[in-house]
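The structure appears below as structure tokens.
Both ligands and their constituent atoms are indexed starting at 1 by order of listing.
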Amino acid sequence: MSMDVTFLGTGAAYPSPTRGASAVVLRCEGECWLFDCGEGTQTQLMKSQLKAGRITKIFITHLHGDHFFGLPGLLCTISLQSGSAVTRQPIEIYGPVGLRDFIWRTMELSHTELVFPYVVHELVPTIDQCPTEELKEFPHVDEADNSPKEGQGRTILLDSEENSYHLVDDEQFVVKAFRLFHRIPSFGFSVVEKKRPGKLNAQKLKDLGVPPGPAYGKLKNGISVVLENGVTISPQDVLKKPIIGRKICILGDCSGVVGDGGVKLCFDADLLIHEATLDDSQMDKAKEHGHSTPQMAARFAKRCCAKRLVLTHFSQRYKPIALAREGETDGTAELKKQAESVLGLQEVTLAEDFMVIGIPIKK
Ligand SMILES: [Zn+2]
Ligand SMILES: [Zn+2]
């Protein structure tokens, strides 16, 4: 099952011609999950190999404009391009409390009738996810209880034992969220592919005298079979090693994690996507604005034993390396060095718009 990640926007604060506002797509078997949807995400999608109509889930890390101002426009365009009679599962949207009301109001004010259903599931942050002075603007669960006709969606509270939020648990994936510290409450998401049974070992089946047919299907599905000679064959006798699932973690803006949920959920991640808004020489300024530097991101990746770190959400001053004019040093290459100084031999990737990273099946 192929799986890849496409960066549609890698810039902080606002979209520019060289870096779009935050948006990442995780694609698996043709289905697309969008993480953040900054202004201009729909045009970035059109320039990429991806199709907006394939988006089935949207995750918003936090309610700063550069992470979700593209959402109403994108939903309208998907609707326009869908034709009139759409029979599809609702688009599931996950994000902090306040998001449901925002989407509902924009649709109402613009007299927009989307041709497909959607539900907004809201995560309720805790008060320690942002500085105290920002709490006056803290959205309350009660105020968001203004149900749109599209279906309310869930209100998801922190599971304080696990220190995480349970978002998705289907046949293939488990998605959980964890708390981050930022100027306003922000979240990270961990997507874990479930373990799949290994393939049937044809030679062993033959050696044990299992006749081809329904018995194969039963064994593949974990059910023992009894042969005509009375011998019982267990699935573990004939199945190869199970295929371990992949783990992709995407963090929103942050200057750190809150609680141990982040480290637990990102542990051993195959791909960890972390912001690095400013370089290490501006660490104090970055922290003051609730952001990270390459070293801060790398230290988190190290704590989690992440296999690959990708940095994104760069201040617009850091141009993609290929676009830096000759002799001009804007410090972009420095960001990579700073992160790698923490991780030793492990290479760190600086994201650029339209970069695609494949996540191979584990051996
Ligand atoms: Zn941002
Ligand atoms: Zn932010």
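- His64 has its closest N, O or S atom to the Zn ion (ligand 2) at the position named ND1.
- A perpendicular orientation is assigned to the rings of His62 and His182, their planes being inclined by more than 60° (bins at 30° and 60°).
- Note on His182: its N/O/S atom closest to the Zn ion (ligand 2) is NE2.
- Considering NZ of Lys47 and CG of Leu8, their distance stands at 10.5 Å, rounded to 0.5 Å.
- Looking only at N/O/S atoms, Asp66 comes nearest to the Zn ion (ligand 1) through OD2.
- The minimum distance between the Zn ion (ligand 1) and any N, O or S atom of Asp253 involves atom OD2.
- Between Phe35 and Phe59, the ring planes are parallel. Angles under 30° get that label, and only those over 60° would be called perpendicular.
- Atom NE2 is the N/O/S atom of His62 found closest to the Zn ion (ligand 2).
- For the side-chain contact (heavy atoms from CB on, under 4.5 Å) with Lys57, the qualifying choice from Val191, Val168, Val175 is Val168, the only one to do so.
- Of the residues listed (Glu92, Glu31, Gln89), the one engaging Thr56 in a side-chain hydrogen bond (donor to acceptor under 3.5 Å, both in side chains) is Glu31, and it is the only one.
- The NE2 atom of His67 and the NE2 atom of His313 meet at the Zn ion (ligand 1) at an angle of about 100°, given to 10°.
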